[in-house]
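In what follows, a structure is listed as structure tokens, so that the remarks can point back to it.
A note on names: the letters A, B, ... follow the listed sequences, proteins ahead of strands, and every chain is numbered from 1. Computation of the quantities below employed the complete heavy-atom set of this structure, encompassing side-chain atoms and omitting hydrogens, waters and symmetry-equivalent molecules.
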2 protein chains.
Amino acid sequence: MKWNDLGTDPCPVARALSVIGDRWTMLVVRECFFGIRRFDQMQERLGITRHVLADRLRTLEAAGVLRRDAYQERPTRYEYRLTDRGKALYPVLVSLITWANDAVPPPEQSSVTLVSRSTGTPVEPVLIDAATGDPITTRTVTARFNDIS
Amino acid sequence: MKWNDLGTDPCPVARALSVIGDRWTMLVVRECFFGIRRFDQMQERLGITRHVLADRLRTLEAAGVLRRDAYQERPTRYEYRLTDRGKALYPVLVSLITWANDAVPPPEQSSVTLVSRSTGTPVEPVLIDAATGDPITTRTVTARFNDIS
DNA sequence: ACTTATCAGTTCTATATTAGAACTCACTAC
DNA sequence: GTAGTGAGTTCTAATATAGAACTGATAAGT
């Protein structure tokens, strides 16, 4: 299978990864969540090559995850912001953070944790079903394949 | 920056992606969640090349996400199962599915949704803080950098 | 005994992607 | 005029992936 075919796969995991599943894309999205909007700043912070960054920004814009806004004229300069579709990636980012803090501990004396903006206390993210409030686990939830053929 | 350096990055997003952030890995993990355990079956279902699959399985085993078990002798054959650390990736998978079903609609008449095992009704996954029950959004939660220097 | 099948890989070559550095273009500030 | 800013592009070398064939241990069929 070629990577380009993933975008039209019936499986949503494959379709998600066709947009954000390469080595750099979620790091670019992370920078956007941190409020970084400009090319040079992202490039320096990430250590990504300019070529690849330009390519990823194009892809993310095409996918509707980022919006490219001119913030000045003469010369025209653009910055990148998350769209609503991009902001909807927050649970993915939070889940990655939660998993990594458990599973891939930082080797140095530094860490990044998620805290409440109001109280400053660490949060412990869990997934629940909005309708019932039940936790979402492999035991409570399963994937259903709907073939409308 | 090189990819190999990500595993020791202070940012948990980078560390998570150093393990599961390449083009195929989360699809391999998805297969494991679907109960697929064997090399040939994964290879055929995913359309991944055998070379890359072998490499990803090695990497995931080294990261403690999968366990390699012999299921027969003469000749020895191995199968792969999720460890607890691997199962802890479920929220990431669920978040990806939820996002893709919203953001990257399937072009054909087929879909995959998450349903309750007990009632069969679709679930609507949301992240909350286990301690307070508050929803986790960009407005309620922020990242804190703790430098224990 | 010989052929085919199974199954987890390995090996090979062609192609695609990435890293790293230098360069472009349209300006602004000194 | 010279240097700086900032969003890219262009170039080459290194790396990773696609696709197909092959290996090695063994079982099953004829």
Counted 5' to 3', the first and last nucleotides of DNA chain D within 4.0 Å (strictly under) of a heavy-atom of chain A are D:dT5 to D:dG19
Separation of [N] [atom2] from [X] [atom1] (nearest whole Å):
X       : N      : atom1 : atom2 : result
B:Arg58 : C:dA8  : CZ    : P     : 14 Å
A:Gln43 : C:dA22 : CD    : C1'   : 13 Å
B:Ile48 : C:dA8  : CD1   : C1'   : 14 Å
A:His51 : C:dA16 : NE2   : C1'   : 11 Å
A:Arg50 : C:dC25 : CZ    : P     : 16 Å

State which residues pass side-chain contact (heavy atoms from CB on, under 4.5 Å) with [X]; sequence neighbours excluded, sorted by chain then number.
X        : result
B:Val112 : A:Pro12, A:Ala143, A:Phe145
B:Thr119 : B:Ser116, B:Thr121
A:Arg58  : A:Ala54, A:Asp55
B:Tyr80  : B:Met42, B:Leu57, B:Leu66, B:Arg68

Going by side-chain hydrogen bond (donor to acceptor under 3.5 Å, both in side chains), name the pairs with one or both residues in residues 81-91 of chain B, residues two or more places apart or in two chains.
B:Glu79-B:Arg81
Enumerate the residues from residues 63-83 of chain A whose closest heavy atom to DNA chain D is under 4.0 Å, giving them by residue number; use none for an empty result.
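Nucleic-acid contacts, sorted: A:Arg68, A:Tyr71, A:Arg77, A:Tyr78, A:Tyr80.
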Once ring-ring contact (aromatic ring centres under 6.0 Å, His included) is applied, do any residues pair with B:Tyr78, and if so which ones, sequence neighbours excluded?
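Partners of B:Tyr78 by the ring-ring contact (aromatic ring centres under 6.0 Å, His included) criterion come out as none, since no residue qualifies.
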Which residue lies toward the 5' end of DNA chain D, A:Arg23 or A:Gln41, if each is placed at its nearest nucleotide?
A:Gln41
For DNA chain C, the residues among residues 25-39 of chain A that have a non-hydrogen atom under 4.0 Å from it:
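When residues 25-39 of chain A is checked for heavy atoms under 4.0 Å from DNA chain C, there are no hits whatsoever.
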Donor-acceptor pair, distance only, cut-off 3.5 Å: does the side chain of A:Asp129 make one with the backbone of B:Pro125?
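No, A:Asp129 side chain to B:Pro125 backbone: no donor-acceptor pair under 3.5 Å.
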Residues sharing A:Val126's hydrophobic cluster, by side-chain heavy-atom contacts under 4.5 Å among ILVMFWY, directly or via others?
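Taking Ile, Leu, Val, Met, Phe, Trp and Tyr as members, A:Val126 shares its hydrophobic cluster with A:Ile128, B:Val126, B:Ile128.
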State which residues pass side-chain hydrogen bond (donor to acceptor under 3.5 Å, both in side chains) with A:Arg144; sequence neighbours excluded, sorted by chain then number.
A:Asn146
So which pairs with a foot in residues 37-74 of chain B pass ring-ring contact (aromatic ring centres under 6.0 Å, His included), sequence neighbours left out?
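Pairs touching residues 37-74 of chain B that pass the test: none.
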Looking at every non-hydrogen atom in both residues, tell me the closest pair between B:Leu127 and A:Ser95 and how far apart they are.
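So the two residues come closest at CD1-OG, 4.4 Å.
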